[in-house]
Amino acid sequence: MPNHTSKPLVLVDGSSYLFRAFHALPPLTNSHGEPTGAMHGVLNMLDKLRKDYDPEHMAVIFDAPGKTFRDDMFPDYKANRPPMPDDLRGQIEPLLDIIKAQGYPLLIIPDVEADDVIGTLAQEYAGKVIISTGDKDMAQLVDARVHLINTMSGLYSDPAGVVEKFGVAPERIRDYLTLIGDTVDNVPGVNKVGPKTAVKWLAEYGSLENIMAHADEFKGKVGEYLREALAHLPLSYELVTIKCDVALDCSPEALTFTPPDVDKLHALYERYEFRTRLAGLGKETPPNLPLSGEEQEGGASGSPPDKGELEGVSSAEGVSYQTILTQADLDTWLQRLQAAAEFAFDTETTSLDYMEAQIVGVSFAISAGEAAYLPLAHDYLGAPPQLDRDATLAQLKPLLEDPALRKIGQNLKYDRSVLLNHGIELRGIAHDTMLESYVLDSTANRHDMDTLCAKYLNHTTISFIDIAGKGKNQLTFNQIALEQATPYAAEDADMTLQLHQHFWPQLQALDAQCKLYEEVEVPLVSVLSSIERNGVKVDATMLAKQSKELETRMQEVVKQAYAAADQEFNLASPKQLGEILYTKLGLHAPRKTPKGQPSTAEDVLEELAAQGHELPTLILEHRGLAKLKSTYTDKLPEQINPRTGRVHTSYHQAVASTGRLSSSDPNLQNIPIRTEEGRRIRQAFIADTGNKLLAADYSQIELRIMAHLSGDKGLLDAFAHGLDVHRATAAEVFGTPLAEVSIEQRRAAKAINFGLIYGMSAFGLAKQLGVDRRDAQDYVNLYFARYPGVKQYMDDTREQARAQGYVETLFGRRLFLPDIQSKNAVTRQYAERTAINAPMQGTAADIIKKAMIAVAAWLRDSGLQTRMIMQVHDELVFEVPEAELETVRAQVTALMTGAVTLDVPLVVDSGVGDNWDEAH
DNA sequence: TTGCTCACG
DNA sequence: GACGTACGTGAGCAAC
């Protein structure tokens, strides 16, 4: 029978939505604790479909319990499926009852999966069909007449949409699904073949059939896996094929709505406390129905929620966490915060990206165990009305900007940035628990709140994953139900306060560390935050051009390498390379990796290259090019913030055990400089119009610190006289007049100087210099004879580390070395080298941190437009308006050299240019 | 997720 | 006599 209306047939994959709604939505319950979240999800979705399409024919299809024909075909089918959670199982019956009572045609056909019922109905119907599903397998049903809508994501798929989403046409979806398999349903595909490979193969060979016919042409491991899979692929193909010819005793045209059973719906809605739906039935809402934190469809205005259910959420341990939903409650808290000597707070936001994050809520704590969460932008379906975000933040602004009101936080650098996104400049940063922990023990692996609570308060915090899930479906905080958000957020503020109460007395008992914390780490928070927000201008066009050039050169190298190896292989795989070099070509492996594989490390390949082998040379070139391309020229442009047009790194203040900063996303502390082609990347770091980049770096700072700490007369003299220290060292060690030091002697002396900073061995020096180990030992002995103070310092430091279990920087930053007592010689020696290196590396870090604070303060007070934009361990980079160049260059140099007074002069070199390369 | 490799100071 | 051997980071990739 031809379809005589223009309205489509709407088929709903109920089972697919049930699971997705269950996992995606917060676990809502009614007041009896019965879960209702999945029911809400499915019902809201049905409402939306009916509203969007106003169909005449519609059906909701669920899987029938029990086996289907697929289980007969393949006993392991869906064997990996976890059992249905009880919280979901309990929602099915009432959900089906409600759907039926609402008048939807409901189909549950035994022995057949919902997919097959939908496929058959779609096939039988003559007109347009809309299938509402979240299941990717359904894409195989799409054609000009049959389209998909994912009502949860809003994604609509016609044939072009399928191609866009999967990379293959609808008629190839079954081939595609067969190749990748389905771990959840336990349908075997081809090992190691995922969406990318499947699309690639299908593009190349056209069909699964053709791929199988040419299975012997596929190279490498995946080729083997393909051949292994040949036997089971036909079965997998059957399993992923949706049947479109199952016997049904109803025709699609018979699928029409029946009038709703109002009485039954009323009873069900009441039972599960669906308030808005009850209201929609036109009957009176019972007065005492508690709020279940659920539905509130757009437009349908519910009565304002009772706040009773949300407030004073408290547990048995005397913990009281309040949700602030009214102006009256907010006023009370504002007064308490204003009156408090200091308070802890934490922001909840939409994103981890500090440049883009928007505030969702703020939590406060004034005394241990008592905290409040102020939600401002939770916008999930059914979220209760909250105080207006902008108006409320305007009320908080005076408090947060008051330098006299002392704030305590965990990683306040982030909160400062988030507040700035709303025009609030956080002042009065008194304590940061992450930094307290770091200063007390920089060797702890992590200083995040969850770790600190477990370690010091013996308390397991609610993890974000527990309330938001993980992976690509992770919820953002605005989607979290207040019932869960309040305990989580309030706990953050509470725990921050309690951690501070734990750390602060310990810190106060340690004069040097306390000073370091208060005068360096805490003031640095705002400085780093400003640098991050300033960002760096990067020329994306220039990098894109470099990417292309690198690609071209890499392809040439790859071709030559295939020729040299007489076969094709993955140049980036150490394993394949090892096989070719050492097995196929029979080269002798100079050494092995710690795990016993023949090494393909750079120095090894260089050695082989030096022996005249072609392939290692090509590999080295390829590695260098690939690194530059993938890490820098390809990635950096992607990390430009579209709003600011600049890249904004993150500096981590509590990661490096020595006291250094680290940088990530992107890491701006490892931009190439050592090779010509690498330096071109620095040319893409540019100054804004009318500005120049100023780069100022400390010269030889770690060696100067070594001279200062050791007090060695000879070394101090060399620096005092402004000598080239490597040359001076060479003159001493080799007994040559300064003017006659050869290039080779200077190079050796430089290696010794660096080796000293790293706590070297004669072996390491020999390797570095490419000389005999005994010669290297002679150099070391000579050095120590000429610089006895250095020798003494090294011995004292090792001894001090053994006696105290830690070493210190000049400013008292401690680094613990428990391994210094180890019975294992390797472990112990490692700790000894760290003991030598950490005071020098750490003191240098302390010094540049002090300089950064001084420079930032000067820039702020001077009213200049210059911005500090990068720190690279011994270098600071500024973006300077041309008119300010002279002033800034002079003052930055003065502040950096004068950051501390040592027994040696500090020297700062600086350069200016249109880009970072030029500024060096 | 881990190990290797390689970019920086 | 053997062993492993220069400090500190972060990122991309292959392989599990």
Side-chain angles (χ1 to χ4, degrees), chain A residues 191-192 220-222 442-443 569-578 591-605 619-620 622-636 639 649-652 655-675 677-679 681-682 697-702 706 751-769 773 776 780 807 815 824-842 844-845 848 870-875 916:
Chain A
N191 195 8
K192 295 288 169 244
K221 265 272 187 272
V222 267
S442 65
T443 55
F569 67 105
N570 183 350
L571 273 70
S573 166
K575 203 173 161 184
Q576 293 183 29
L577 175 61
R591 69 179 162 88
K592 294 186 169 178
T593 64
K595 279 186 77 192
Q597 295 283 324
S599 173
T600 57
E602 184 174 18
D603 56 332
V604 169
L605 294 180
I619 297 294
L620 283 171
H622 186 264
R623 274 192 190 165
L625 298 170
K627 175 79 178 179
L628 289 179
K629 182 166 185 293
S630 69
T631 311
Y632 302 109
T633 60
D634 283 352
K635 284 286 153 24
L636 274 172
Q639 311 200 39
T649 183
S650 289
Y651 287 105
H652 307 289
V655 171
S657 58
T658 54
R660 273 192 180 177
L661 301 176
S662 78
S663 154
S664 71
D665 310 294
N667 183 352
L668 295 186
Q669 294 180 322
N670 72 346
I671 304 300
I673 191 169
R674 291 171 187 170
T675 64
E677 57 215 347
R679 255 199 310 280
I681 290 162
R682 292 197 172 215
D697 69 286
Y698 283 109
S699 162
Q700 309 287 3
I701 189 163
E702 291 184 10
M706 185 169 82
I752 296 172
N753 281 331
F754 271 98
L756 286 163
I757 295 168
Y758 296 150
M760 70 173 170
S761 62
F763 177 92
L765 181 63
K767 202 170 70 167
Q768 185 66 35
L769 281 173
R773 183 178 166 163
V780 174
V807 289
L815 189 142
N824 179 323
V826 178
T827 312
R828 188 180 61 248
Q829 286 163 7
Y830 185 74
E832 286 176 358
R833 291 195 297 273
T834 311
I836 299 294
N837 173 258
M840 293 183 265
Q841 193 183 115
I848 197 166
M870 282 189 274
Q871 190 257 36
V872 193
H873 307 309
D874 65 357
E875 172 184 6
W916 197 9

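By convention in this document, chain letters (A, B, ...) are assigned in the order of the sequence lines, proteins followed by strands, and residues within each chain are numbered from 1.
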Engineer: What contact category does Ala831(A) fall into here, base, sugar-phosphate, or nothing, at under 4.0 angstrom with non-hydrogen atoms?
Structural biologist: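 Counting heavy atoms under 4.0 Å across all strands, no contact is made by Ala831(A).
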Engineer: Taking only residues two or more places apart in sequence, or in another chain, which ones meet Lys627(A) in a salt bridge (charged side-chain N to carboxylate O under 4.0 Å, His left out)?
Structural biologist: none
Engineer: Quickly work out the Lys767(A) NZ to dC3(C) P distance and round it to whole Å.
Structural biologist: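 Taking NZ of Lys767(A) and P of dC3(C), I get 16 Å after rounding.
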Engineer: Under the rule for side chain to side chain donor-acceptor pair (under 3.5 Å), what residues qualify as partners of Ser657(A), not counting sequence neighbours?
Structural biologist: none
Engineer: Quick one, give me the B/S/- string for nucleotides 9-16 of chain C, reading 5' to 3', where B means a protein heavy atom under 4.0 Å from the base and S means that only happens at the primed atoms, P, OP1 or OP2.
Structural biologist: SBBSSSSB
Engineer: Looking across every strand, which nucleic acid part, if any, lies under 4.0 Å from Glu875(A) by heavy atom: base, sugar-phosphate, or nothing?
Structural biologist: nothing
Engineer: Quick one: side chain to side chain donor-acceptor pair (under 3.5 Å) partners of Asp665(A), sequence neighbours excluded?
Structural biologist: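 In terms of side chain to side chain donor-acceptor pair (under 3.5 Å), with neighbours along the sequence ignored, Asp665(A) is linked to no residue.
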Engineer: C1' atom, dC8(B) versus dG4(C): distance in rounded Å?
Structural biologist: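 Nearest-Å result for dC8(B) against dG4(C) at atom C1': 26 Å.
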Engineer: Hey, does Arg833(A) reach any base, or is it just sugar-phosphate, or nothing, if we go heavy atoms under 4.0 Å?
Structural biologist: sugar-phosphate
Engineer: Taking salt bridge (charged side-chain N to carboxylate O under 4.0 Å, His left out) as the definition, give me every residue that meets it alongside Glu875(A), ordered by chain and number, with sequence neighbours left out.
Structural biologist: none
Engineer: Who pairs with Thr658(A) by side chain to side chain donor-acceptor pair (under 3.5 Å), at least two apart in sequence or on another chain?
Structural biologist: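 With neighbours one apart ignored, the set is Gln841(A).
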Engineer: Residues in side chain to side chain donor-acceptor pair (under 3.5 Å) with Ser699(A), at least two apart?
Structural biologist: none
Engineer: Please work out if Arg773(A) contacts a base, only the sugar-phosphate, or nothing of the nucleic acid, heavy-atom cut-off 4.0 Å.
Structural biologist: base
Engineer: Pull out every stem in DNA chain C, meaning runs of 3 or more consecutive Watson-Crick or G-U wobble pairs with both distances under 3.5 Å.
Structural biologist: B:1-9 with C:7-15
Engineer: Taking salt bridge (charged side-chain N to carboxylate O under 4.0 Å, His left out) as the test, write out the residues that go with Arg828(A), two or more places apart.
Structural biologist: none
Engineer: In whole Å, what separates the P atom of dT5(C) from that of dG3(B)?
Structural biologist: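 Nearest-Å result for dT5(C) against dG3(B) at atom P: 15 Å.
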Engineer: Using a 4.0 Å heavy-atom cut-off across all strands, classify Ile757(A) as base, sugar-phosphate, or nothing.
Structural biologist: nothing
